[in-house]
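Worksheet: the structure to be examined is printed underneath.
Within every chain, numbering begins at 1; the chains are lettered A, B, ... in the order of the sequence lines, protein sequences first and strands thereafter. What you see is a predicted model; the values in this text were computed from it and never measured.
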Amino acid sequence: MGKNLVIVESPAKAKTIEKFLGKDFVVESSFGHIRDLVSKDMGVQVDNQFTPVYEVPAEKKDVVSKLKKLVKKSTQVWLASDEDREGEAIAWHLAETLGLDVKTTHRIVFHEITKPAILKAVESPRRVNQDLVDAQQARRVLDRLVGFELSPVLWKKIKPGLSAGRVQSVAVRLIVEREREIQNFTSKATYRVVGTFVKDNGKKFNAELNHRFENKEEALAFLENCKSTDFSIGKVDKRPGTRNPAAPFTTSTLQQEASRKLGYSVSQTMSLAQRLYEAGLITYMRTDSVNLSGLAINSAKDEITSQYGENYSKVRNFSTKNKGAQEAHEAIRPTYMDRQEAGADRNQQRLYDLIWKRTVASQMAEAKLEHTTATISGPNLGDHKFVAKGEVIVFDGFLKVYLEGTDEEEIEEKNALPALVQGETLAPHSIDATQRFSKHAPRFTEASLVKKLEELGIGRPSTYAPTISTIVNRGYVEKPVREGVMREYQFLSLQKGEILEETKTEKTGAEKGKLFPTDIGMVVNDFLVEHFNRVLDYNFTAKVESEFDEIAQGQITWNSMIESFYKDFHPNIEEVTENAERASGERLLGVDPDSGKNVYTRIGRFGPLVQIGEGDDEEKPAFAGLLSGQQIGTITLEEALELFKFPRSIGDYEEGEVKIGIGRFGPYVLHAKKFTSIKKEDDPATINLARAIELIEAKREADKNKFIATFDSEDPIVEVLNGRFGPYIKQGRNNFKIPKDVDPKSLTLEDCKKIIAEGPKGKGKKKTTKKAAPKKKSTRKSSK
DNA sequence: CAGTGAGCGAGCTTCCGCTTGACTT
């Protein structure tokens with residue numbers, strides 16, 4: 001056993017470093033943070049200078065006790081967590097938890113996992129930097145205060161279980177505001193004119209008119225005019241140009257590019273990258289740095305020189321443009337540049353290929369281009385000219401390997417033009433005027449949202465993917481597939497002296513993988529923006545970050561920074577809790593023709609609903625939940641009234657009634673106490689008995705090899721089932737694990753009851769609560 | 001998972017960042 005214990009954050013890193021350091025060193029991992037604010041209640045003593053209350057979470061107990069044992073056997077401990085605010089705090093928590101003296105414990109850092117970098121770090125240890133630790137504590141405490149004081153306001157004023165926070169709420173705001181912008185957008189139609197011209201030698205090329213016409217009459221008049229025009233080439237302009245490669249990948253640019261080129265979601269990209277990292281194939285995948293190690297630059301250079309030639313190589317050092325970047329790691333790159341293909345499966349291989357190409361290209365020469373612009377005019381066209389644009393690659397440089405993708409949907413057409421001479425006359429092959437519609441700003445994709453958040457300095461590489469999951473799981477945003485609709489557009493074409501007119505159709509509005517705000521997302525956002533504009537401000541994070549920097553530099557204390565935030569924030573919370581109206585997004589849809597009562601839509605305790613009648617009526621109002629796909633913002637009176645036809649009986653089957661209803665998770669068929677979801681392609685309003693029976697039978701078939709035994713004497717029914725992970729007992733909504741030494745086939749009802757009595761198995765729920773849960777079935781009748 | 005929807009009230013929910021397996025039915 002060595003005398004030195006080195007603690008790093010990641011186990012994969014530990015393995016590599018142990019090889020570099022030799023026999024006298026044991027390298028262990030802390031698996032990230034080992035301590036955090038207590039998970040229940042605030043965990044911050046507001047009245048005691050905001051003193052944090054920390055605990056080692058249950059899932060970290062094993063790691064900590066292992067580290068404690070190793071510390072005992074060591075004479076020197078080296079805290080080697082990352083060199084940033086969080087890393088410094090991890091080092092400090094380790095020192096505190098493991099009982100190390102911060103005055104003597106070594107703290108080392110390195111930005112790249114190479115032998116020279118590690119050995120150099122070991123030569124010059126320092127101590128834990130308390131100012132940096134305090135900056136992290138301020139960050140942590142601020143986020144806790146904001147999140148844990150804002151969320152309960154939402155529970156009270158909108159709906160239980162909701163959440164708000166410095167990062168997630170701004171992410172939702174971006175999506176909501178983009179959606180509003182799109183709703184308010186009115187598309188404008190113009191006529192775009194493109195001419196195809198022919199040279200004497202028969203070569204054709206395209207040129208676009210430098211003007212778009214407002215309407216069909218103008219476009220027609222122009223084409224008419226072209227009939228009798230002799231076209232000739234005006235100015236021909238040739239300009240050299242260059243294009244440079246993009247910087248190596250950071251987490252955010254990798255997520256964007258994998259989304260554009262490979263269609264991966266943000267979390268998919270991260271999990272594939274994690275796999276590659278664990279296999280030692282790429283460097284760390286959560287980074288905001290575009291920096292490459294000297295070693296990597298050199299081996300990229302060798303690789304480029306041998307594969308493409310020396311003139312393709314160009315050593316480049318990139319620097320980050322992001323203000324908030326902490327750069328504790330390298331850019332994401334292949335560990336070994338000479339390994340062009342790697343990965344355990346197709347998806348990993350494609351991601352690795354992308355990383356390899358991006359890294360290599362970043363060390364390659366710029367591409368040399370020649371841009372040509374030629375104008376084409378005619379005597380009676382006035383100021384209107386056709387412009388032909390061409391681009392020729394003179395030297396491909398890095399383009400040989402890689403070209404960064406683009407978010408823009410319509411890319412300007414750039415072709416190679418034939419040789420053009422000023423004054424040369426041309427015959428038009430055809431001149432087309434096509435009706436085009438201006439487009440609204442695009443909705444965010446996961447990746448473009450990450451890009452925007454990074455620009456605003458909000459969130460960190462390790463949180464981009466989880467943040468998206470959070471706002472989806474809370475029901476604030478969703479990623480529906482929108483079919484789109486057909487739209488007509490006019491197409492006019494001048495060919496051989498004749499003008500053709502045609503009405504064509506195209507699909508518009510189809511969306512896939514785009515983020516849409518939900519009803520709840522909008523209501524929550526509007527509430528937060530109205531009452532807590534300071535935290536919802538896009539610059540809030542940037543402002544507090546600069547204060548964290550001041551703490552890190554020792555210019556202000558962390559407690560005073562938090563104090564100055566909290567002294568306004570907390571009264572704001574109290575004021576809103578006290579005085580703000582309940583927010584429900586309520587809208588009056590119209591009058592129900594049957595009862596003459598008003599019909600409303602709003603967010604209720606269980607989600608979006610429609611309501612007939614007033615809350616203070618003598619007769620109670622009727623309620624119905626919305627279907628998935630319906631929004632309180634857009635539902636019509638007719639659609640709302642349809643919803644009151646549920647739940648309804650559609651006939652009998654096997655001596656049981658078949659009912660159709662709408663539950664919290666969508667429409668269902670209920671038969672013989674069993675639920676079957678109605679498929680998306682079926683409309684619950686029109687579904688017939690035959691189809692419902694089909695669904696019931698399909699469900700039975702699917703469940704066939706799932707059931708081992710059913711005890712229907714109980715209420716709710718007790719069932720023994722085969723699950724994906726072995727047999728279990730189900731009663732009502734609860735599942736119970738069957739002990740391994742029990743044969744599920746021979747279980748009797750008594751055995752099952754015994755297992756059930758031992759309590760539900762699984763996370764979260766503490767033992768069976770003694771209190772009989774008051775079922776609130778009777779609530780309907782109980783009032784007055 | 002699921003058939004509700006006010007209010008009464010107990011007791012629950014919730015943040016961001018750093019890391020991977022444990023867990024899932």
Practice problem: Would you please confirm or rule out a distance under 4.0 Å between OP1 or OP2 of dT19(B) and any side-chain N or O of Tyr284(A)? | Solution: yes
Quiz item: Does dC15(B) have OP1 or OP2 sitting under 4.0 Å from an N or O in the side chain of Gln168(A)?
Solution: yes
Exercise. Measure from the side-chain heavy atoms of Pro11(A) and tell me the nearest of dT19(B), dC16(B), dC18(B).
Key: dT19(B)
Quiz item: Can a cation-pi geometry be assigned to Arg173(A) and Tyr538(A), taking NZ or CZ under 6.0 Å from the six-membered ring centre and within 45° of the ring axis?
Solution: yes
Quiz item: In whole angstrom, what separates Arg474(A)'s CZ from dT14(B)'s P?
Solution: 5 Å
Quiz item: In whole angstroms, how far is the P atom of dG17(B) from the CG atom of Asp143(A)?
Solution: 6 Å
Quiz item: Heavy atoms under 4.0 Å, any strand shown: does Gly161(A) hit a base, just sugar-phosphate, or nothing?
Solution: base
Quiz item: Distance between the P atoms of dG21(B) and dC1(B), in whole angstroms?
Solution: 32 Å
Practice problem: To the nearest Å, give me how far apart NE2 (His93(A)) and P (dC18(B)) are. | Solution: 13 Å
Quiz item: Atom CG in Leu37(A), atom CZ in Arg144(A): separation rounded to 0.5 Å?
Solution: 5.0 Å
Self-check item: Separation of dT4(B) C1' from Leu643(A) CG (nearest whole Å)
Solution: 15 Å
Practice problem: Provide the distance between the two P atoms, one in dT24(B) and one in dT20(B), to the nearest whole Å. | Solution: 23 Å
Quiz item: Picking from dG17(B), dT14(B), dT20(B), which would you name as closest to the side chain of Glu278(A)?
Solution: dT20(B)
Practice problem: Compare the ring of Trp155(A) with the six-membered ring in the base of dT13(B) and state whether they stack (centres under 5.5 Å, planes under 30°). | Solution: yes
Practice problem: Go through the steps to decide whether Tyr284(A) and Gln274(A) satisfy the test side chain to side chain donor-acceptor pair (under 3.5 Å), and finish with yes or no. | Solution: CA-CA 8 Å; Tyr284(A) 196 56; Gln274(A) 176 89 30; 6.0 Å; no
Quiz item: With a non-hydrogen cut-off below 4.0 angstrom, is Thr470(A) in contact with a base, only sugar-phosphate, or nothing?
Solution: sugar-phosphate
Exercise. Quick one: label Arg166(A) by what it contacts on the DNA or RNA (base, sugar-phosphate, nothing), any heavy atom closer than 4.0 Å.
Key: sugar-phosphate
Quiz item: dC18(B), dC15(B), dT19(B): which one has an atom nearest the side-chain heavy atoms of Phe31(A)?
Solution: dT19(B)
Practice problem: Report yes if at least one side-chain N or O of Arg144(A) is closer than 4.0 Å to OP1 or OP2 of dG17(B); otherwise report no. | Solution: no
Quiz item: Reckon Ser10(A) has a side-chain N or O less than 4.0 Å from the OP1 or OP2 of dT19(B)?
Solution: no
Quiz prompt | Protein-nucleotide distance (Leu154(A), atom CG; dT14(B), atom P), rounded to Å | solution = 12 Å
Quiz prompt | dT4(B) and dC8(B), which share atom name P, separated by this distance in whole Å | solution = 22 Å
Exercise. Output the distance between atom CZ (Phe31(A)) and atom CD (Glu9(A)), rounded to the nearest 0.5 Å.
Key: 12.0 Å
Quiz item: Among the nucleotides dT20(B), dC15(B), dC18(B), which one has an atom lying closest to any side-chain atom of Gln274(A)?
Solution: dT20(B)
Quiz item: Taking CD from Glu59(A) and C1' from dT24(B), how many angstroms apart are they, rounded to a whole number?
Solution: 17 Å
Quiz item: For the side chain of Thr463(A), counting heavy atoms from C-beta on, which of dT20(B), dG5(B), dG17(B) is nearest?
Solution: dG17(B)
Quiz item: Want to settle it: does Arg582(A) or Gly459(A) sit nearer the 5' end of DNA chain B, counting the closest nucleotide to each?
Solution: Arg582(A)
Quiz item: For dC15(B), does either OP1 or OP2 sit under 4.0 Å from a side-chain N or O belonging to Ser163(A)?
Solution: yes
Quiz item: So, does Ser163(A) use its side chain to make a donor-acceptor pair with the main chain of Ser151(A) at under 3.5 Å?
Solution: no
Quiz item: So which nucleotide from dC15(B), dG3(B), dT20(B) ends up closest to the side chain of Lys659(A)?
Solution: dG3(B)
Exercise. Starting from the 5' end of DNA chain B, give me the residue, Leu162(A) or Ala624(A), whose nearest nucleotide shows up first.
Key: Ala624(A)
Quiz prompt | Presence of Arg460(A) side-chain N/O under 4.0 Å of dC18(B) phosphate oxygens OP1/OP2 | solution = yes
Quiz item: Looking across every strand, which nucleic acid part, if any, lies under 4.0 Å from Tyr277(A) by heavy atom: base, sugar-phosphate, or nothing?
Solution: sugar-phosphate
Quiz item: Quick check: does any side chain N or O of Ser65(A) sit under 3.5 Å from a backbone N or O of Asp62(A), one acting as donor and the other as acceptor?
Solution: yes
Quiz item: Is Val146(A) touching bases, backbone alone, or none of the nucleic acid, heavy atoms closer than 4.0 Å?
Solution: nothing
Practice problem: Quickly work out the Ile632(A) CD1 to dG5(B) P distance and round it to whole Å. | Solution: 19 Å
Practice problem: Specify the separation, in whole Å, of atom CG of Asp36(A) and atom P of dT19(B). | Solution: 14 Å
Quiz item: At under 4.0 Å, does any side-chain N or O of Arg286(A) touch on OP1 or OP2 of dT19(B)?
Solution: yes
Quiz item: Choosing from dG3(B), dG17(B), dT13(B), which nucleotide comes nearest the side chain of Leu670(A)?
Solution: dG3(B)
Exercise. Would you mind checking if Arg139(A) and Glu86(A) are paired as a salt bridge, meaning a charged N to carboxylate O distance below 4.0 Å?
Key: yes
